[in-house]
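Convention: sequence-line order gives letters A, B, ...; per-chain numbering from 1. For the numbers below, each heavy atom of this structure counts, side chains included, while hydrogens, waters and symmetry mates do not.
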Number of protein chains: 2
Amino acid sequence: MTQLDTHGMLRGAGLRVTEPRRAVIEALEGLPHASADAVHARVAQTLPDVSLQTVYNVLHDLTGRGLARSIEPGDHPARYELRVGDNHHHLVCTHCGAIADVDCVVGQAPCLTPDDDHGYAVAEAEVTFWGLCGDCKHAVAAPSPVSIHL
Amino acid sequence: MTQLDTHGMLRGAGLRVTEPRRAVIEALEGLPHASADAVHARVAQTLPDVSLQTVYNVLHDLTGRGLARSIEPGDHPARYELRVGDNHHHLVCTHCGAIADVDCVVGQAPCLTPDDDHGYAVAEAEVTFWGLCGDCKHAVAAPSPVSIHL
DNA sequence: TCCTTCTTTTGAATACTTCAAATGACGACT
DNA sequence: AGTCGTCATTTGAAGTATTCAAAAGAAGGA
């Protein structure tokens, strides 16, 4: 099990060390690609009084300081992950919103560049693969007779 | 100016031909990458009684029948475009949300196919380039003294 | 022209996220 | 160890983009 130095992470980023913040980081470690709501539920297991608003605040602080990254897939709620700095992309399930990491086999940062930047100062290339995850693949393709009558 | 056969487009897709629908298609022709709100404003110039709800309905119908495509960039409102069927990507301004088309990307092909699909049935690879558009590049980098005191 | 079905309207509701003011706690400094 | 200023958290509400639902209206095949 990777030992997280939550204290060092926070202090190194210039943030005060508090229980809610440590708990959010640990939640993200256990739940990669978790939504704010999922993080809140996980944090509540050990710190029942931490509000959802605080989770949003913390996630905002973490992403602002580069300790976390937010993923905003289309119409699904935002997800958060601790993997920052490495160049990886995501597989997103169009049905349930589940996310899996895809490592960029070509290695270094933006593996793609536009042929015409239209005057934009391009900072990042984001690749999202849309599809059905293992569970939804079966659920959607072959719904049980019961589920039809919902 | 390209003459749009709105009647043929709608009938060909199995949709009834109505003024609001023709107006939405024409709005998208004049405003590529427009938001629902922007489409509504444009439509209202000729058909003031068309509601925003109707615009949402029409956009939903058009995307459902493959006549239009929706782009959902992070936390910006959804945008719509008539360009469908060709494989192109987008440049999105992180500051104002402006969108420009990118016809093709140069770089390593492996990035457009996941090395490990994690059991997903991948349907599409979407590439989004994030950056600052021409206007925002200057506005953000060198704000005028006046704007600082807002 | 009639009639069925699809569209549009109106009004409200939802989900996710952010804003704001007051209370509370971290930690730099003494 | 104690003080104090600044930053965090809580509480409660507001906001934005979008969707739901029921009733009235229009398209177009027979």
For residues 14-25 of chain A, tabulate all N or O donor-acceptor pairs below 3.5 Å that involve a side-chain atom, not counting sequence neighbours.
unit_1 : atom_1 : unit_2 : atom_2 : d
T18(A) : OG1    : R21(A) : N      : 3.4
R21(A) : NH1    : R16(A) : O      : 3.0
R21(A) : NH2    : D61(A) : OD2    : 3.0
R22(A) : NE     : T6(A)  : OG1    : 3.1
R22(A) : NH2    : T6(A)  : OG1    : 3.4

Under 4.0 Å protein heavy-atom contacts per nucleotide of nucleotides 4-16 of chain D, with B for base, S for backbone only and - for none: -BBBSSBBB----

Using five pairs at each end of the helix from dT1(C)-dA30(D) to dT30(C)-dA1(D) to define an axis, what is the angle between those two axes, to 10°?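 Taking five pairs per end, the axes differ by 30°.
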
Kindly write out the residues that satisfy side chain to side chain donor-acceptor pair (under 3.5 Å) with R83(A), not counting sequence neighbours, or none if the list is empty.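 In terms of side chain to side chain donor-acceptor pair (under 3.5 Å), with neighbours along the sequence ignored, R83(A) is linked to D86(A), D101(A), D103(A).
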
Specify the residue among R11(B) and S35(B) whose closest nucleotide of DNA chain D lies further upstream toward the 5′ end.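 So the residue in question is S35(B).
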
Taking only side-chain nitrogens and oxygens of Y56(B), does any of them come within less than 4.0 Å of OP1 or OP2 of dT18(D)?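 For Y56(B), the contact criterion (side-chain N or O under 4.0 Å from OP1 or OP2 of dT18(D)) is met.
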
Which pairs with one or both residues in residues 20-67 of chain B pass ring pair (Phe, Tyr, Trp, His ring centres under 6.0 Å), sequence neighbours excluded?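 Applying ring pair (Phe, Tyr, Trp, His ring centres under 6.0 Å) to every pair that reaches into residues 20-67 of chain B, excluding sequence neighbours, yields H33(B)-H90(B).
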
N/O donor-acceptor pairs under 3.5 Å from side chains in residues 41-52 of chain A, not counting sequence neighbours:
unit_1 : atom_1 : unit_2 : atom_2 : d
T46(A) : OG1    : V43(A) : O      : 3.3
S51(A) : OG     : T54(A) : N      : 3.1
S51(A) : OG     : T54(A) : OG1    : 3.0

Can you list everything that forms a side-chain contact (heavy atoms from CB on, under 4.5 Å) with V122(B)? Sequence neighbours excluded, please.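 Testing V122(B) for side-chain contact (heavy atoms from CB on, under 4.5 Å), a comparison that skips the adjacent residues, returns L91(A), F129(A), P114(B), D117(B), Y120(B).
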
Applying salt bridge (charged side-chain N to carboxylate O under 4.0 Å, His left out), can you list everything that pairs with E81(B), at least two apart in sequence or on another chain?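 If we apply the salt bridge (charged side-chain N to carboxylate O under 4.0 Å, His left out) test to E81(B), skipping adjacent residues, the hits are R69(B).
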
Hey, what else clusters with V92(B) if you join Ile, Leu, Val, Met, Phe, Trp, Tyr whenever side-chain heavy atoms sit under 4.5 Å?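 Taking Ile, Leu, Val, Met, Phe, Trp and Tyr as members, V92(B) shares its hydrophobic cluster with I71(B), I99(B), W130(B).
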
Please work out which residues in residues 39-47 of chain B have a non-hydrogen atom less than 4.0 Å from an atom of DNA chain C and list them by number.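 None - not one residue of the stretch has a heavy atom sitting under 4.0 Å from the strand.
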
Going 5' to 3' along DNA chain C, between which two nucleotides do contacts with chain A fall, using a heavy-atom cut-off of 4.0 Å?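 Endpoints of the contacted stretch of DNA chain C: dC16(C) to dA28(C).
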
